[in-house]
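First up is the structure itself, then whatever we jot down about it.
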Amino acid sequence: MKKPEHILLAKDNEDYALLFRRALQAAQINASLDVVRDGQEAVDYLAGVGPYTDRIQHPFPKLLLLDLKMPRMDGFEVLSAIRQRMGLTQLPVVVLTHSDNPADVKRAYELGATSYFRKPDSLEGLDEMIHVLHAYWLKFNHFPE
Amino acid sequence: MEFFFILCYGILMAAKVVNAVSILVADDDAQDTMLVQMAVERACLNLRLESVKDGEEAINYLMGRERYADRNAHPFPSMMLLDLKMPRVNGFDVLDYVRRQPGLRQLPIVIFSSSDDPKDIRRAYDAGANSYLCKPHSHGDLSALLKALEDYWFKFNHFPPCH
């Protein structure tokens with residue numbers, strides 16, 4: 001069987017992480033998931049430092065799903081850290097948030113977000129979003145080696 | 001009564017056309033653009049396609065210059081599907097240009113290329129491409145790809161505020 005594609009979810013709400021994991025399993029998608037709880041953990045994970053040095057246990061993700069409102073470092077700070085400071089220009093970062101405030105949307109794109117999703121507020125919506133994310137990124141999109 | 005339904009239908013259809021979001025397709029291969037258009041029509045996707053045939057035209061379109069000055073006839077697109085190998089100004093140059101322009105740099109750009117060369121893929125992401133899709137070889141695959149593109153970008157994604 002093909003190695004599962006790895007997804008990193010940066011979200012401070014544990015219940016949401018649980019719902020997300022359930023939706024991935026329900027969709028029978030061959031993807032593994034790591035969840036980090038704030039922006040600093042997301043940056044540490046991508047840099048492979050602290051608890052994330054073992055790349056077998058914590059593989060570098062194909063896709064980062066990033067909330068905006070998080071403790072320590074918010075999503076905007078994470079975006080500028082990974083695009084500017086760390087030079088990770090190739091990692092797709094999908095913002096996944098409550099806010100559809102145009103100023104947030106604009107700022108996220110300016111800082112290098114690949115795309116901007118509003119979090120679905122039903123289980124059906126979440127399931128559909130997982131299918132769409134999977135079809136687009138893991139079936140059709142080509143990633144750098 | 002019948003007239004009433006026809007009227008309602010007409011209004012609905014007109015609203016659908018007005019609401020259609022537009023994609024700028026930049027590709028020097030007219031046949032590929034026609035295939036995309038045909039797949040969009042067949043799948044009844046609510047997308048309006050605007051096409052240009054090289055990188056220089058793509059930049060003129062985005063800047064609203066020359067023949068693209070009228071934004072009613074040539075609306076600013078929600079996103080761009082960009083081929084890489086084009087005459088005059090190629091896709092990489094378009095990416096470089098757009099990402100340096102303050103008013104344009106948030107525009108989502110999806111590469112749509114027949115090349116699956118890792119060097120091209122890497123270079124496109126480095127230059128600021130949001131995503132990289134390879135042109136499929138069959139009509140069925142093209143329809144599936146465009147459906148995934150519509151679902152992803154137009155059902156779930158929020159675009160930056162329009163210009």
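Keep in mind it's a predicted model, so treat the numbers as computed, not measured. Just so we're on the same page: letters track the sequence lines, and every chain starts at 1.
Rounding to the nearest 0.5 Å gives a distance of 10.5 Å between CZ of Phe156(B) and NE2 of His131(A). Once rounded to the nearest 0.5 Å, the distance linking CZ of Arg105(B) with CD of Glu110(A) reads 5.0 Å. Within the model, atoms CG of Asp141(B) and NZ of Lys139(A) stand 10.0 Å from one another, a figure rounded to the nearest 0.5 Å. Taking CG of Asp104(A) as the reference point, atom NE2 of His158(B) lies at 11.5 Å (rounded to 0.5 Å). The structure places OG1 of Thr89(A) at 13.5 Å from CZ of Arg123(B), a figure rounded to the nearest 0.5 Å.
Ranked by heavy-atom pairs under 4.5 Å with chain A, the list Ala148(B), Cys134(B), Pro118(B), Ser131(B) is led by Ser131(B). By number of non-hydrogen pairs under 4.5 angstrom with chain B, the leading residue of Val105(A), Val93(A), Thr114(A), Asn141(A) is Asn141(A). Interface remark: of the candidates Asn157(B), Asp151(B), Ile109(B), Asn157(B) forms the most heavy-atom pairs closer than 4.5 Å to chain A.
Ring geometry for Phe117(A) versus Tyr152(B): interplanar angle of 30 to 60°, hence tilted. Relative orientation of the Phe143(A) and Tyr125(B) rings is parallel, given thresholds of 30° and 60° on the angle between their planes.
One hydrophobic cluster, built from ILVMFWY side chains closer than 4.5 Å, holds both Met86(A) and Leu63(A). The hydrophobic cluster containing Leu81(B) also contains Met38(B), counting ILVMFWY residues as joined when their side-chain heavy atoms lie under 4.5 angstrom apart, directly or transitively. With hydrophobic clusters built from ILVMFWY side chains whose heavy atoms lie under 4.5 angstrom apart, Leu123(A) does not share a cluster with Leu18(A). Residues Leu66(A) and Phe60(A) share a single hydrophobic cluster, defined by chaining ILVMFWY side chains whose heavy atoms lie under 4.5 Å apart.
At a 4.5 Å heavy-atom cutoff, Ala129(B) makes no contact with chain A through either its backbone or its side chain. Neither the backbone nor the side chain of Ala103(A) comes within contact range of chain B, judged by heavy atoms closer than 4.5 Å. With a threshold of 4.5 angstrom between heavy atoms, Lys155(B) approaches chain A through side-chain atoms but not through N, CA, C or O. Looking at Val94(A), only its side chain comes within 4.5 Å of chain B, counting heavy atoms on both sides.
Residues Phe140(A) and Leu146(B) fail the side-chain proximity criterion, which asks for heavy atoms closer than 4.5 Å. Residues Tyr116(A) and Pro160(B) form no side-chain contact, since every pair of their non-hydrogen atoms from C-beta on lies 4.5 Å or further apart. Within the 4.5 Å cutoff, the side chain of Val110(B) has heavy atoms near those of the Tyr136(A) side chain.
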